[in-house]
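Chain letters run A, B, ... following the sequence lines, proteins first, then strands; residues in each count from 1. Note that this is a predicted model, so its numbers are computed, not measured.
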Number of protein chains: 2
Amino acid sequence: MSKPLYRQVADTLRAEIAGGVFGPGDDLPSERELRERFDASRNTVRQGLQLLVSEGLLNSSQGRAYQVRSHEVFVLNASKFENLQFSQREDGDSYDNEVLHSGRQPHQEFRVEMVKVTQEIAERLKVTPGEQGVLRFCRRFVDDTPWSTQATHYPKWLVDAHPRLAEPDDIEEGSTRYLADRGLEQIGYHDELMTRMPTPEEASELQIGPGVPVLIWIRTGFSADKPVRCTRTTFRGDLNHITYDLGDLRAHATGGDLH
Amino acid sequence: MSKPLYRQVADTLRAEIAGGVFGPGDDLPSERELRERFDASRNTVRQGLQLLVSEGLLNSSQGRAYQVRSHEVFVLNASKFENLQFSQREDGDSYDNEVLHSGRQPHQEFRVEMVKVTQEIAERLKVTPGEQGVLRFCRRFVDDTPWSTQATHYPKWLVDAHPRLAEPDDIEEGSTRYLADRGLEQIGYHDELMTRMPTPEEASELQIGPGVPVLIWIRTGFSADKPVRCTRTTFRGDLNHITYDLGDLRAHATGGDLH
DNA sequence: CTATACAACTTGTCCCGACAAGCGGGGCAA
DNA sequence: TTGCCCCGCTTGTCGGGACAAGTTGTATAG
């Protein structure tokens, strides 16, 4: 009734990581050394290490020792929705600003396409699946490591009325303000949050290995009478938290990011 | 420059699952059959299957064939915070009601303890770490499968004033209302959302295997001048989504769960 | 001093074998 | 009919070996 050997290896190393024997960024002993220490075959040691990798505790890559992962988390406050297009250059506490404040270097890839909207998007925008729509896509980096991807879809009727949405340039004042200035204010949002392991495509886009889930945030923006956009953001789950402030919190300084 | 064999196995099977060759709940061919099909050793086939397990696509257990996982998702609307203690028997669209509406059978384990509050909780309740506090713990099931665990912490000063919080009984009217009736209305919430792979403890509490992340929801409730409780809910990420409605959505029927 | 090449490490991939442990069906016995 | 055991299937665990491929430091050649 004793635990499997590979599990003992994993449990021991996990405890040592938690106990600080190996800190974030440290190298673990090599497979050969662990093999001698636990008197196990290489396969068994690897099985134990693989378990820790899939728990998100370790990184591994060919030629280099196993490394203890270090988490550095950015917090996105989703209820400050005035400056939702958080990549823009406006002031206020946007996402970029938080990044810059920590001394890191953010940048982004940007792309605009005409696409047929998927089922997922169509039912949120209340249009028929397969209809044309505009996709404004953005992949964000911090110090050259991918952080999140964001895909905003606009329905065809909206793009026809406001064609600048389909142009491949970044919109200076932010697309939310662009629309608001033209009489299409978003008065409410419906947010959905979910998590799962990344698909292989997501894993390569965000450069995440096994053991790191993605956090998906789908925001549908509504005007007075209908949905006007749907933004789907895919975060690396190990690098991002999301917060909401509800009700009356004026009296409290909720600031001070944890961790 | 060809892909590793185990990866070809995984990619092929993943595509077949996505294409509907194997539907949710279906058994995959056995390792022996896959070994013949791909002309690979058992270890290689297992490595490919293991990858799909860690992506959350497959279940495996000793003695039974690999099974395609089926997702059935419950949605929790976190901005309807009047009936936050969503396990209570009140009417309105509580969590239980959604479960019951789908014809499933929910139940829960309940427990009350005096504990020393952890660092994590203490900084949210603005008390000193290690101070005594009351923990009201709840683990929820649907049809006997664990769904989530919830730990609500109350600071000592609050429990001293309202001792029923420390009693091991379920509070009939819900603890939120109990406090509100006694003049301690919660006027705002600060929510934090994050995801990661489960610790071994969480994995066993929620009966989740590799490839399923947890979704963690930490809600700090505020009275007019200070935090009064901190609730940390750990969801199985494959079974739960969280939604928020922000702004003015009266005109829109956001109902109709997706999926 | 610099650049290249090599050597000695690391992990990745793949094969083989063996036995343990769990599940389910068929057949036998009560 | 009902209950039990056994057999044949499944996956889980553990060992061995071999070579490929990536990384890093050192020694050498220019």
Assert: residue with more 5' nearest nucleotide on DNA chain D, out of A:Val45 and A:Gly63, is A:Val45

How about CZ on A:Arg35, more than 12 heavy atoms from neighbouring residues, nucleotides or ligands closer than 6.0 Å, or not?
no

Could you tell me whether B:Arg37 and B:Glu16 have a side-chain N and a carboxylate O separated by less than 4.0 Å?
yes

Whole Å only: how far is the CG atom of B:Asn59 from the P atom of D:dT11?
13 Å

In this structure, how many angstroms lie between the C1' atom of D:dT13 and the CD atom of B:Gln62, rounded?
9 Å

Counting just side-chain N and O atoms, does A:Gln47 come under 4.0 Å of either OP1 or OP2 of D:dT13?
yes

Is the shortest side-chain N/O distance from A:Arg32 to OP1 or OP2 of C:dT10 below 4.0 Å?
yes

Can you measure B:Leu5 atom CG to C:dT13 atom P for me and round it to whole angstrom units?
11 Å

Given the options A:Arg219, A:Arg232, A:Arg124, A:Glu192 meets salt bridge (charged side-chain N to carboxylate O under 4.0 Å, His left out) only with A:Arg124

Over how many whole Å does the gap from B:Asn43 atom CG to C:dC16 atom C1' extend?
8 Å

Whole angstrom value for the distance that separates C1' of C:dT13 from CZ of B:Phe38
17 Å

Using a heavy-atom cut-off of 4.0 Å across all strands, would you classify A:Asp39 as base, sugar-phosphate, or nothing?
sugar-phosphate

Of the listed nucleotides (D:dT24, D:dG16, C:dT11), which one gets closest to any side-chain atom of A:Tyr66?
C:dT11

Contact class for B:Arg42 (heavy atom, under 4.0 Å): base, sugar-phosphate, or nothing?
base

